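Source: prediction; values computed, not measured. Basis for what follows: all heavy atoms, side chains included, without hydrogens, waters or symmetry-related copies.
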Amino acid sequence: MKTQIAPFRIRSLTHVIPGVVLGFGSFLSSSTALAQTSSASTPPAPSHSATTVTTSTTSANGDEKIVVKGHRPAGAVLGDAKPIMQIQADEIRSYGVDTVADLLTAISPETRSGRGATGNSPVVLLNGKRISGMQEVNDLPFEAISRVEIFTEEEALRYGYPADERVVNIITVKNFRAVRMRAYGSTSTDGGGDDGVLGASFTKITGDRRINLSARYEAQARLLDSDRGVTPPSASSLYANDGNIASSTGGSIDPSLDALVGQSVTSAGVPSLTSGQIPTLQDFTTYANAPHVSSNASSYSLQPRTHDLTLNGVYADQIFKDVATSFNASYTHSDSESLQGPARGILTVPAGNPYSPFSRDTLLYRDYTSVSPLQQRSHTDTVHAGVNFNGDVGSWKWNSTGSFDRSTTSTNSQTGLDLSAAQTALTDGAADFDPFSALDRSWLNSRLVNYGHTTGTTGKITGLMSGSLFSLPAGDVSTSIAPAGTLTEQNATSVSQGKFQKTHISRDVGTLQINGDIPIANARKHVLSFLGKLDGNVNGAISQVSHFGTLGTIGGGVTWEPVSWIQFPLSVTDRTEAPDATDLVAPRIETPNVTTYDYVTGRSVQVTTISGGNRNLHAADRHEVSIGTIISPTFLDGARLHVNYVRDRNHNPVVSLPTATAAIEGAFPDRYQRNSDGVLDVVDLRPVNALMEKRNEWNATFSFSRPLGKSPSGKDGHKHSGGRYYIVLTQVWRLKDTVQLRSGVSPIDLLNGGTIGGTGGQPRHEVELQSGFFRNGFGFRLVTKWQSATSTLASTHAKSLFFSDLATVDTTAFADLGEIPGWQNRNWARNFRIMVSASNLFNTRIRARNGAGVTPAGYEPAFLDPLGRTVSISIRKSV
């Protein structure tokens, strides 16, 4: 199935769609307003009033007629899809979360989709309707949520999204008001890595009116290598605090030194002499071919120092009887600072210098610990604004959203010392300049710095029209039509090694997606009853992407429900995807002293990494098949099982290549630079197109949730939260995961010793078990995760790396003081929560070993997981 429609060009679509959508929303809003002018003073109807189910029965003599009308539940999604999981309010309370953002993190295993690019975040709806952005719901407190429903990827099609994301529908309560304050702090039991959060918000929900204002500040402390007692591998064996000498042309330093030692000397440590003392060749014999080594663990960050401030505001209301709107604005500022190793530099010592005993020019490699370490700093500012309209026109529903996002990121990376002034003094033979002694700080004030600055702006307008086209014997044929227009501007500038580069891309995308749901069989309507319920789906999308032309998506599937408690969804999709604009034009950033393992030589080294964009990336073509089973057994109330199989084939996927294996270096030799001794020196991480990626996987989710007793009533007559316990078990079982980099090169099997990452290949199995309960004000949550072992096979067993499996346990205990019996009428305790958590309770970490059973430098457990066990306490009060 070929989805790239080369002859067909719809470039004008990108200009037409925004106008159509704006006009479409304005027309519907104005026409609805005119139609309702005579009843403007009437209170808004409930949001579910427009959707009814009516049945009628007439007696045999025709004299009596009974009419039954039913309403869809408030906040229900489009269509009649059944959720694969429902989370009620009392279960949400038992998760111990603060906001919707925390809840989505907690349930991420259940919302994970194995389709498309793995790790896709779900589509989030609010009361069955689209939102303009996650900022609209992230800060809603958990008390404002009535229930949460999770749907399969097919439901995303009804809302104009591709079928590679699961759908989460958040239903709010009808009335809610609270001012919430929260303080949070955490630290690691091994010491350091402190984190603190202060937050405040105001939330008010009255029917369709919703106001949410929030502010959040988070600070994270820096964690150094020395805090964990680990030592990074040297960037080169020649850099050291005392300095090392090497030839400026490679090979032997000096024939006379070779004669004294009796062998060729290619490197030598600087002897320890008093300042101003002129060394002799004899002084260097002690350290001939035995250069100094320094650790400098306090000059490296395992975790950067960060500061984040977020301000967010949302206002939503019903502006006409059948039209609701929301507006959202947010601002985020982030700072990050990390240490990248000691300040260092290279000086050329001329043969004729008074302090040089050599007959040839030599190079002096040295770390200068008398000045502060090299630093990398980044600053990011992000602004978001979104507006959202939802309305009804008869039995049809429409939506129109607009959003604007702007982000600026500045990064400066110190790569070394600018020793040009010192080099001049050395070249001129200044008698008072001893290069082998401690240099005065005045010579070390200037640094070599690489700069990068990125500005990204995205404007997007989308529309959605959904409803029933006509009826068939088995039910209504419904459709969703979703036009969208996106304009993206990316500007990037960088200064690397004194060279200025500037890149720019302007991308406009026009998309039209059409989805159709066709009922085929329906036992309730006596249509092909032997099949139970069978619904078909066809969908397609066409996109005009600047610089990439016309890209297409086509798909279809069926959902078979032989009985009411079991479903079998089947989906097939073929689509062409353009790479992200950031992958094309991100600025070139060089980061020194990054630890990596060189599988070619079997050594851990520190390299300079190059990140940024690649203007030569091509579009990827993905073909995907998904088969699932959803079981809600009637004999086990509250239980659901969802099993899904995904087969994914992706041509020209975009990948990064951080690891130097023989296969990867052979396919992309220009991405790896080695010095004259064959030591890996520079790794280019900028994305490339691989030839083919193949994935097959099973994923399964079993959930079970039951209430614990009835909701108690306090002396004030108000009902308080009841109890509930739950169990959620998720598993991912990867059957196949290979990447073929180029034609003629064998595929890399990520499940059997292949890798394109730094910590082995892909785990074949991943399991997560969540359980918890809440009753009488006390709650407890337990999360256990396990992933299988991985490995990376090199040319020899000794050079290969083997990574252990990993099992972690997270626990959370909390108390809602106002729900504790006897405290329910105490004002100070009402809506007061204290929570204590322990993450990675048993302080387990992945263990890495080479074929000889030795952990390579840079792969100690603290490097793979700097924090380990962390404990935290949170205090939360709402009034």
Side-chain angles (χ1 to χ4, degrees), residues 231-296 341-370 416-417 419-440 443-444 593 598 601-606 673-681 857:
T231 302
S234 300
S236 165
S237 59
L238 297 180
Y239 280 109
N241 297 345
D242 293 329
N244 291 303
I245 287 290
S247 171
S248 62
T249 58
S252 172
I253 297 176
D254 191 298
S256 299
L257 181 61
D258 296 345
L260 285 174
V261 176
Q263 61 177 318
S264 176
V265 179
T266 58
S267 64
V270 173
S272 180
L273 304 174
T274 60
S275 179
Q277 181 180 351
I278 298 176
T280 65
L281 286 178
Q282 187 66 40
D283 293 328
F284 283 89
T285 58
T286 304
Y287 303 99
N289 291 328
H292 297 297
V293 177
S294 303
S295 60
N296 300 313
R344 57 183 40 157
I346 304 174
L347 288 172
T348 299
V349 183
N353 187 273
Y355 290 92
S356 175
F358 305 110
S359 59
R360 301 173 179 174
D361 291 352
T362 55
L363 298 179
L364 172 61
Y365 293 78
R366 195 167 181 182
D367 291 335
Y368 297 93
T369 56
S370 61
L417 293 173
L419 300 177
S420 55
Q423 183 63 60
T424 299
L426 191 59
T427 303
D428 293 343
D432 59 345
F433 187 88
D434 180 0
F436 301 125
S437 64
L439 294 188
D440 187 88
W443 298 105
L444 309 174
N593 308 330
D598 184 357
T601 62
R603 295 174 53 191
S604 288
V605 293
Q606 284 191 337
Q673 298 178 24
R674 297 180 179 274
N675 62 22
S676 58
D677 295 326
V679 177
L680 190 63
D681 192 39

Going by heavy atoms in the side chains, are [X] and [Y] under 4.5 Å from each other?
X	Y	answer
Ser252	Ser247	no
Leu444	Ser370	yes
Arg366	Tyr239	no

If I compare all heavy atoms of [X] with all of [Y], which pair ends up nearest, and what's the gap?
X	Y	result
Leu363	Ser248	CG-CA, 3.7 Å
Pro342	Asn296	CG-ND2, 3.6 Å
Val349	Leu364	CG2-CB, 4.2 Å
Gly678	Thr601	O-CG2, 4.1 Å
Ala430	Tyr355	O-CE1, 4.3 Å
Asn244	Val270	N-CG2, 4.0 Å

* Asked: Would Asp681 and Arg674 satisfy side chain to side chain contact (heavy atoms under 4.5 Å, CB included), going step by step from the backbone distance to the final call?
  -> CA-CA 5 Å; Asp681 192 39; Arg674 297 180 179 274; 5.8 Å; no
* **Set of residues satisfying side-chain contact (heavy atoms from CB on, under 4.5 Å) with respect to Ala343, sequence neighbours excluded** => Val371, Leu374, Leu417, Arg447
* Asked: How would you list, by chain and number, every residue that makes a ring pair (Phe, Tyr, Trp, His ring centres under 6.0 Å) with Tyr368, sequence neighbours excluded?
  -> none
Straight-line distance of [X] [atom1] to [Y] [atom2], nearest 0.5 Å:
X	Y	atom1	atom2	value
Asp283	Ile278	CG	CD1	11.0 Å
Gln423	Asp428	CD	CG	9.5 Å
Phe284	Asp254	CZ	CG	10.5 Å
Ser264	Ile253	OG	CD1	8.5 Å
Leu238	Ser267	CG	OG	5.5 Å
Asn353	Thr348	CG	OG1	11.5 Å

* If only atom types and distance count, is the side chain of Ser604 paired as donor or acceptor with the main-chain N or O of Ala857 below 3.5 Å? -> yes
* Asked: Hey, is the main chain of Thr369 close enough, under 3.5 Å, to the side chain of Asp367 for a donor-acceptor pair?
  -> no
* Looking at Arg603 and Asp598, does any basic side-chain N land under 4.0 Å from a carboxylate oxygen? -> no
* Asked: With under 30° as parallel and over 60° as perpendicular, where do the rings of Trp443 and Phe433 fit, or are they tilted in between?
  -> perpendicular
* **Test applied, side-chain contact (heavy atoms from CB on, under 4.5 Å); reference residue, Leu347; option that passes from Leu426, Thr362, Thr427** => Leu426
* **Name of the residue among Asn289, Leu281, Leu260 meeting side-chain contact (heavy atoms from CB on, under 4.5 Å) with Val265** => Asn289
* To do: Start with the C-alpha distance between Arg344 and Asn593, add both sets of side-chain angles, then the distance that settles side chain to side chain contact (heavy atoms under 4.5 Å, CB included), and finish with yes or no.
  => CA-CA 11 Å; Arg344 57 183 40 157; Asn593 308 330; 2.9 Å; yes
